[in-house]
There are 2 protein chains.
Amino acid sequence: MTASGEAARRPPARRPTIKDIARRAGVSESAVSFALNGRPGVSDRTRTRIRRVAQELGWQANSAARALSGDRADCIGLVLARPARTLGVESFFLQLVSGIQEVFSAHRTALLLQVVPDLAAECALYRRWWAERRVDGVLVVNPRTEDPRPRLLGSLGLPAVVVGGLATPGPDSAPPPLPTVWADDAKAMARILDHLHGLGHRRIVHVAGLPELAHTARRIRSLRSEAARRGLDTRQVRSVTTDYSDAEGAEATRRLLDTAEPPTAIIYDNDVMAVAGASVAAERGIPVPRGLSIVAWDDSPLCRVTHPRLTALVRDTAAFGRLAAQELRAVLDGGPVRAVQGELPHLEERESTGAP
Amino acid sequence: MTASGEAARRPPARRPTIKDIARRAGVSESAVSFALNGRPGVSDRTRTRIRRVAQELGWQANSAARALSGDRADCIGLVLARPARTLGVESFFLQLVSGIQEVFSAHRTALLLQVVPDLAAECALYRRWWAERRVDGVLVVNPRTEDPRPRLLGSLGLPAVVVGGLATPGPDSAPPPLPTVWADDAKAMARILDHLHGLGHRRIVHVAGLPELAHTARRIRSLRSEAARRGLDTRQVRSVTTDYSDAEGAEATRRLLDTAEPPTAIIYDNDVMAVAGASVAAERGIPVPRGLSIVAWDDSPLCRVTHPRLTALVRDTAAFGRLAAQELRAVLDGGPVRAVQGELPHLEERESTGAP
DNA sequence: TTGTAAGCGTTATCAA
DNA sequence: TTGATAACGCTTACAA
């Protein structure tokens, strides 16, 4: 440390309460409460006077008191299980958070964010938040194929919305265990395959992310069924899984290019791996797209700074966050459990894809 | 929406309170409170019994009640002013948050995160949080040269720590207005200049970030004084400012390369601009590092997937977050206002820098 | 239309 | 070592 001074602890200016307002406006505390919360039981004249006084005093409801009394926290929670490595570079989470906030901050609801090392810690945290009444509800991200969270949250009765979808619910299946906002990965994958197959590619590999994530499973399943539908050889059109890191993305690419019949196109499950893959192609002197076509699932500035720029599946993550937030609000308002579908992402065709 | 079901609203399992524990353990509520908070006034036998009962019931203190009574929120706040574009791609913030949490979650203190459009909204939010008693303190990021926040927070008496440093405090200057954790940008810039000057570079441009940020000003000042110290021409060793985006980074690079005496080395204030700059060099057929050396301020996977890999100033952002969190904890505990210096970043020399 | 009073779950003070 | 009891600031029956 370089400089140090005395604790300049100013007298922490007393915050006004409704009692102050009541006194100053010459009315009762309950009148103030009614007036400020816009409920009936107080005349318009008194209401405006009270409002003005509150304004003058810079009054804001003490959140703890309101929570204690009103049985709400005006706060929702979001837990990220071990993002340090996996989520660090992707812009996904900040964008999502940004969208979520847009909706909730308009309703004076705060967002509690916590980063934990693993799923067990995440579950423990839900239990604690529930017991502490810290949050009114939570947004669950990174749903898995085998996911303990829906059952836990259901049994706690802690309102939740799953972001990113559980297993795609069939049209006439039972209602999903938790409300969900989901993206149609199957259609998106089909869209990518349309593009690549149309260009003449027959050997297409999907370098997927973590295999335990539900959306990874959906994409893999979709690739397989789309390949089958087109009569493509499933040994040549297939998925391999990674941990999303640039290192594993590059490694997978090297392994694929070393096979007897290397793919002519690779679909990467995030932007970082796609760029890493492009880099491997460059280091081997393989021209993109003539020697190898590359598609990135999720666009970002990264995809636009490489040469050639990468064809990418573009989705509006902030909008997805807004959708999730709106759904959680609906659930908190007593809405039904349902699965809401986000906007279908579109494929931005750039120079990294072409005929093989 | 595809599937919808009935609101499977389970009876929201009542949460145990101190009263339940008291009843079950056959003691008074205050005895329970004392026992659970580890203060004297209750025998060891009773204490352990009470603890066991609390454990059995899965009791956790209601945070609102505790906050109302205890006058703390057990919560700290972090506001990001308009990160959607500026902060989206950089891994900086998630890393910082991750480090902050490591410290606070160990002390059962939550983190309230809010994204707002601008500085005015940020200030309004501090006022609101203060009035609502939402948070015990805040961490202020992206300090500016002209910054209204220290004065505001000081006048509110809302404890705060500035992350990233205000103007570097001189050794015998007045104590900084707010406690600060800071990185020595001046020394870091000197380190970079040592490297480039040693390689033989005499025309070095610094593509900086937003000019209103304090650390940008510090880096610019340092570059100027280091250039002067080495007798370099300040028309050839200088800074230009941008908004941190890949677009402006690329644009600045193009303009620089179009001058009569283009720089032989460029220092970029973030990884995204550095990659964008490398991309511009590639598109012009300028070999890196022979035709142009590139340094990125802040490392990330991006710097490792380009060809050649980028020489980067590496700092441990999560550690910086931990340091900031520890300092805020110290301030909340009544510690002095001081400026704590983070670890000096080091220059990771890769293949993007070499003799001109 | 207004005021009084009880309650939310904790902590903290004070007698017993 | 204990057990009532009064805050904390707000909401909300209920009474005037």
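Quick caveat: nothing in here was measured; it's all calculated off a predicted structure. Letters go in sequence order (proteins before strands), and every chain restarts at 1.
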(message) It should be established whether A:T46 places a side-chain nitrogen or oxygen under 4.0 Å from OP1 or OP2 of nucleotide C:dT2.
(response) yes
(request) Return the nearest nucleotide to the side chain of B:I18; candidates are C:dG3, C:dT11, D:dC10. (result) C:dT11
(message) Please pick, from C:dT13, C:dT2, C:dC8, the nucleotide with the shortest atom-to-atom distance to any side-chain atom of B:F34.
(response) C:dT13
(request) May I ask you to evaluate whether A:N62 reaches the phosphate of D:dC8, defined as a side-chain N or O under 4.0 Å from OP1 or OP2? (result) no
(message) What is the separation between atom CH2 on B:W59 and atom P on C:dG9, rounded to the nearest whole Å?
(response) 12 Å
(message) Output the rounded distance in Å from NZ (B:K19) to P (D:dG3).
(response) 15 Å
(message) Under 4.0 Å from OP1 or OP2 of D:dG3: is there any side-chain N or O of B:S28 that close?
(response) yes
(request) Please work out if B:D71 contacts a base, only the sugar-phosphate, or nothing of the nucleic acid, heavy-atom cut-off 4.0 Å. (result) nothing
(request) Among the candidates D:dT11, C:dG9, C:dG3, find the nucleotide nearest to the side-chain atoms of A:S33. (result) D:dT11
(request) Using a strict cut-off of less than 4.0 Å between a Lys/Arg side-chain nitrogen and an Asp/Glu carboxylate oxygen, indicate whether B:E132 and A:R15 qualify as a salt bridge. (result) no
(message) Does C:dT11 have its OP1 or OP2 closer than 4.0 Å to a side-chain nitrogen or oxygen of B:R66?
(response) yes
(message) What is the separation between atom CD on B:E29 and atom P on C:dT13, rounded to the nearest whole Å?
(response) 17 Å
(request) Assess whether one donor atom and one acceptor atom, taken from the side chain of A:S30 and the base of C:dT4, lie less than 3.5 Å apart. (result) yes
(message) Rounding to an integer number of Å, can you tell me how far A:R72 CZ sits from D:dC10 P?
(response) 13 Å
(request) Can you sort out the partners of B:R149 under salt bridge (charged side-chain N to carboxylate O under 4.0 Å, His left out), two or more places apart, ordered by chain and number? (result) B:E122, B:D147
